[in-house]
Structure formats: structure tokens, C-alpha cells
Amino acid sequence: QVQLVESGGGLVQAGGSLRLSCAASGRTFSNYAMGWFRQAPGKEREFVATINRSGTSTDYADSVKGRFTISRDNAKNTVYLQMNSLKPEDTAVYYCAGRSSYFVSSSLTEYDYWGQGTQVTVSS
């Protein structure tokens with residue numbers, strides 16, 4: 001079992017930046033590929049970014065490419081999402097997720113563990 005706790009959400013103006021963190025505990029963090037997903041009110045949860053176990057491979061949703069960066073520190077059992085040039089449409093609850101695999105994945109159903117989420121609100 002892996003426990004995931006997100007932090008770093010908040011209210012920011014359009015064009016601003018936030019860095020989300022996801023701290024993992026329980027099993028060996030470096031055994032898991034990680035992902036970030038988000039869910040806006042009235043919408044389905046959607047893929048944002050993913051990183052493989054070693055941190056050498058990443059993938060992003062088209063809507064965030066060039067603005068968001070996913071990274072991980074296996075020594076600190078933490079995965080990050082740096083969000084720059086934020087837009088009102090980025091407003092959502094952001095979830096961290098882990099999967100028992102080396103490889104990246106954009107598929108929500110391939111993740112085994114989920115955090116509780118952190119709210120990001122971008123004002124115009």
C-alpha cells in the first residue's frame with residue numbers, strides 16, 4: 001500500500017505559478033511511476049502529466065505542454081508539478097497517482113494509488 005498526500009494548491013492569478021508536491025509513504029516510492037490528474041467541477045478526471053520510475057521519461061497532456069513540468073525526487077519520496085503561465089481553465093482539483101510499473105501512462109485506469117487532491121483556482 002502507498003499513501004499519497006498532495007500539497008501546494010491555492011488561489012493564483014492568471015499568468016502566475018504554483019508548485020504542487022505529492023509526498024509518498026508506505027512502499028518503496030522508486031518502484032512506482034507517478035502521474036498527475038485533475039478534475040474540474042462537472043467534468044471527468046483528466047490526465048495532466050506522468051513520469052517514469054527513474055525520472056528519465058515524461059509525458060504531458062497537450063493542454064499543459066510547455067507550461068507544466070513534472071519531476072520527482074526519489075530520495076525524498078516526492079513528485080512535483082511545476083505549473084507556470086496558469087490559465088483560468090487550469091482550475092481544478094489536482095490528484096497525484098502511482099502505478100506499480102516502470103513506465104509512464106496517461107490512462108487513469110492504470111493507476112493503483114491516489115491522493116485526496118489539492119484545489120487549484122486560477123482567477124482571471
Side-chain angles (χ1 to χ4, degrees):
Q1 192 79 357
V2 174
Q3 291 78 43
L4 302 173
V5 179
E6 303 95 336
S7 62
L11 173 64
V12 64
Q13 288 189 331
S17 298
L18 282 175
R19 187 175 84 154
L20 305 183
S21 299
C22 173
S25 62
R27 296 284 181 91
T28 304
F29 177 68
S30 58
N31 286 345
Y32 297 86
M34 301 298 295
W36 286 97
F37 294 79
R38 67 187 181 186
Q39 188 166 18
K43 295 188 176 181
E44 292 186 351
R45 194 169 299 188
E46 65 175 8
F47 166 70
V48 175
T50 179
I51 189 166
N52 69 350
R53 250 178 15 198
S54 61
T56 56
S57 177
T58 58
D59 192 20
Y60 297 90
D62 288 344
S63 59
V64 307
K65 277 181 183 175
R67 300 188 298 123
F68 290 12
T69 302
I70 188 171
S71 62
R72 66 189 296 161
D73 186 336
N74 286 344
K76 294 183 177 180
N77 292 348
T78 303
V79 62
Y80 304 97
L81 186 68
Q82 177 67 43
M83 306 186 295
N84 298 329
S85 303
L86 282 161
K87 305 175 181 180
E89 50 264 44
D90 294 318
T91 295
V93 177
Y94 283 71
Y95 297 91
C96 168
R99 63 189 298 258
S100 305
S101 170
Y102 180 85
F103 300 102
V104 299
S105 173
S106 62
S107 174
L108 183 150
T109 61
E110 293 187 356
Y111 285 81
D112 306 300
Y113 304 104
W114 292 84
Q116 293 301 305
T118 185
Q119 176 70 47
V120 172
T121 303
V122 184
S123 64
S124 57

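For the numbers below, each heavy atom of this structure counts, side chains included, while hydrogens, waters and symmetry mates do not.
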Side chains of [X] and [Y]: does their closest heavy-atom pair fall under 4.5 Å?
X    : Y    : value
V64  : W36  : no
T118 : L20  : yes
T91  : E89  : no
S100 : Y113 : yes

Minimal non-hydrogen separation, [X] against [Y], with atom names:
X   : Y   : value
S17 : S85 : OG-N, 4.3 Å
M34 : C22 : CE-SG, 4.5 Å
T56 : S54 : OG1-OG, 2.9 Å
R38 : S63 : NH2-OG, 3.5 Å
C96 : V79 : SG-CG1, 3.8 Å
T78 : K76 : OG1-O, 2.8 Å

Quiz item: cation-pi between [X] and [Y], 6.0 Å / 45°:
X   : Y   : result
R45 : Y95 : yes
R72 : F29 : yes
R19 : Y80 : yes

Can you check whether [Y]'s main-chain N or O pairs, donor with acceptor, with [X]'s side chain at less than 3.5 Å?
X   : Y    : result
T28 : S30  : no
Y60 : I70  : yes
Q13 : S123 : no

Separation between [atom1] of [X] and [atom2] of [Y], rounded to the nearest 0.5 Å:
X    : Y    : atom1 : atom2 : value
Y32  : R99  : OH    : CZ    : 12.0 Å
Q3   : S25  : CD    : OG    : 4.5 Å
S106 : E46  : OG    : CD    : 11.5 Å
I51  : D59  : CD1   : CG    : 11.5 Å
K65  : T58  : NZ    : OG1   : 9.5 Å
L4   : Y111 : CG    : OH    : 11.5 Å

We want to know whether T109 and S107 form a side-chain donor-acceptor pair, criterion being a heavy-atom distance below 3.5 angstrom.
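Yes, S107 and T109 have a side-chain donor paired with an acceptor closer than 3.5 Å.
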
For S105 and E110, which I'm curious about, is there any donor-acceptor pair between the side chains at under 3.5 Å?
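There is such a pair (donor and acceptor under 3.5 Å, judged by atom type) between the side chains of S105 and E110.
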
Would you find more than 12 non-hydrogen atoms of other residues, nucleotides or ligands less than 6.0 Å from Y102 atom OH?
yes

Does atom CD of Q116 have more than 12 heavy-atom neighbours, drawn from other residues, nucleotides or ligands, at distances under 6.0 Å?
no

List the residues meeting ring pair (Phe, Tyr, Trp, His ring centres under 6.0 Å) with F47, not counting sequence neighbours, and say none if there are none.
F37

Is it true that D90 and K87 have a side-chain N and a carboxylate O under 4.0 angstrom from each other?
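K87 and D90: not salt-bridged.
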
Passes side chain to side chain contact (heavy atoms under 4.5 Å, CB included), L18 versus Y94? Steps please.
CA-CA 12 Å; L18 282 175; Y94 283 71; over 6 Å; no

Check side-chain contact (heavy atoms from CB on, under 4.5 Å) between V104 and all other residues, then give those that pass, not counting sequence neighbours.
T50, N52, S57

Group every Ile, Leu, Val, Met, Phe, Trp and Tyr by side-chain heavy-atom contacts under 4.5 Å, then state whether V48 and V93 land in the same group.
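Each belongs to a different hydrophobic cluster.
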
